[in-house]
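Below, chains carry the letters A, B, ... as their sequence lines are ordered, and counting in each starts from 1. Please read these numbers as outputs of a predicted model, since none were measured by experiment.
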Amino acid sequence: MPELPEVETTRAGISPGLVGQQIHKVIVREHRFRWPIPVDLPLQLAQQRILAVSRRSKYLLLKVTQGTVLIHLGMSGSLRLLASTQPPAKHDHVDVVMENGAVLRFNDPRRFGCVLYTTDPIDSHPLIQHLGPEPLSDAFTADYLASRCLRRQLPIKNFIMDAKVVVGVGNIYANEALFLSGIHPNRTPDSLSNDEVVTLTDNIRTILAQAIKRGGTTLRDFSNADGKPGYFAQELLVYGKKGKPCTACKTVLVEVRLQNRSSVFCPHCQPACAD
DNA sequence: AACGGCACCTGGTCGC
DNA sequence: TGCGACCAGGTGCCGT
């Protein structure tokens, strides 16, 4: 489900209701995740105050008095902020209950996400420390991307989805950014011209910023902190549009599979070779 | 070092 | 209506 815009939409939604609140208790109904939810999480978090809600890559970070809670939504996770407790639905795995009665509720059918806690500096956490720059930060420049492209020979689509290169670019936005840039998903990073790297850098930034503005992309089940969908899906140009005409040239869009993920592109606007 | 493939899960959809 | 196959927005880890 969630790529960077969806996570950022969630962050913005839950932050106002959480910052400054004291945690009353934490209820864990299901521990079995990719990394199991620590058994002592409720004990660790009780009575701590939430100081800030931030995001690094697709991780939501709840800064609390003595440490940081890391939440990842995986493929199917969502967070909702309830004004007061309600009976849990299926896959409502974790509740963080505030002293004021509000409940941060984590739902994740596929359990690819995680909820972890650390008292160490967050930048040195194993899941965080090797991440590349934020795409919307000043560190993500064309010069930076060009330097990372040198001698790299994997498909460019796989490359821009690599979180060690740049974080936050998932399958949807990788497809969209490459289309906007006129770059075939199977091209290699070391084959890109300087102009192409500049264009790609710009388009990655632009597509993510626009999607955030629209509240993210809802394909099936993404919902924000209020349980409402995002509206970027109607602006997608190639993702999920195999067999439909290209919005620029009317050529039928084609799908290939890269890294076992569907990749849709326009054979005319995104030629296999730069020429 | 770099790359491809797989695994972790549930649920929705499609074809028979 | 039921069943199996296949697909899905992520990403760490393994073998080559």
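Nucleotide C/dT11 holds its P atom 15 Å from the NE2 atom of A/His130, rounded to whole Å. Atoms CD (A/Glu30) and C1' (B/dC8) sit 13 Å apart, rounded to a whole Å. Taking atom CE on A/Met161 and atom P on C/dA8, their separation rounds to 11 Å, with Å as the unit. Between the NE2 atom of A/His31 and the C1' atom of B/dC8 there is a distance of 19 Å, given to the nearest Å. In this entry the distance linking CD of A/Gln259 with P of C/dT11 reads 12 Å, nearest Å. Residue A/Arg34 contributes atom CZ, which lies 5 Å from atom C1' of C/dG12 at whole-angstrom precision. A/Lys157 places its NZ atom 12 Å from the P atom of B/dG4, with the value rounded to the nearest Å. A/Arg111 has its CZ atom 6 Å from the C1' atom of B/dC9, to the nearest Å.
Comparing B/dG4, C/dA8, B/dC8 against the side chain of A/Arg257 picks out C/dA8 as the nearest. Checking C/dG9, C/dG10, B/dC3 against the side-chain heavy atoms of A/Ser262 singles out C/dG9 as nearest. With distances taken from any side-chain atom of A/His72 to the nucleotides B/dT10, C/dG10, B/dG4, the minimum falls on C/dG10. Counting only heavy atoms from C-beta on, A/Arg261 has its side chain closest to C/dG10 among B/dG4, C/dG12, C/dG10.
Look at A/Tyr239 and you'll find a side-chain N or O under 4.0 angstrom from OP1 or OP2 of C/dG9.
With A/Val103 as the partner, the side-chain contact (heavy atoms from CB on, under 4.5 Å) test is satisfied by one option alone out of A/Thr85, A/Leu81, A/Asp92: A/Thr85. Of the candidates A/Leu253, A/Leu237, A/Val238, A/Thr247 forms a side-chain contact (heavy atoms from CB on, under 4.5 Å) with just one, namely A/Leu237.
For A/His93 and A/Phe33, the gap between ring centers is short of 6.0 Å.
C/dC14 and B/dC9: their P atoms are spaced 16 Å apart (whole Å). Rounded to whole Å, the P atom of C/dT11 lies 23 Å from the corresponding atom of B/dA1.
Side-chain atoms of A/Tyr173 and A/Thr217 include a donor-acceptor pair closer than 3.5 Å. For the 3.5 Å distance criterion, the side chains of A/Asn171 and A/Lys157 qualify, holding a donor opposite an acceptor.
Salt-bridge annotation for A/Arg151 and A/Asp190: absent, with no side-chain N of the basic residue lying under 4.0 Å from a carboxylate O of the acidic one.
The residue A/Lys90 sits close only to the backbone: its heavy atoms come under 4.0 Å of sugar-phosphate atoms, none of a base. A/Phe159 comes within 4.0 angstrom of no nucleic acid atom, judged by non-hydrogen atoms across all strands. Residue contacts shown for A/Arg152 are limited to sugar-phosphate atoms, with no base heavy atom under 4.0 Å away. Among the heavy atoms of the strands lying under 4.0 Å from A/Pro155 are primed sugar atoms or P, OP1, OP2 only; no base atom is included.
By the 5.5 Å and 30° criteria, A/Phe112 is stacked with the base of B/dC8.
Base pairing of C/dG9: no nucleotide in any strand meets the Watson-Crick or G-U wobble criterion (both distances under 3.5 Å). Under the Watson-Crick or G-U wobble criterion, with both distances below 3.5 Å, B/dC9 has no partner in any strand shown.
Applying the 3.5 Å distance criterion, the base of C/dA8 shares a donor-acceptor pair with the side chain of A/Arg110.
Mapping A/Gln153 and A/Asn260 onto DNA chain B by nearest heavy atom places A/Gln153 at the nucleotide closer to the 5' end.
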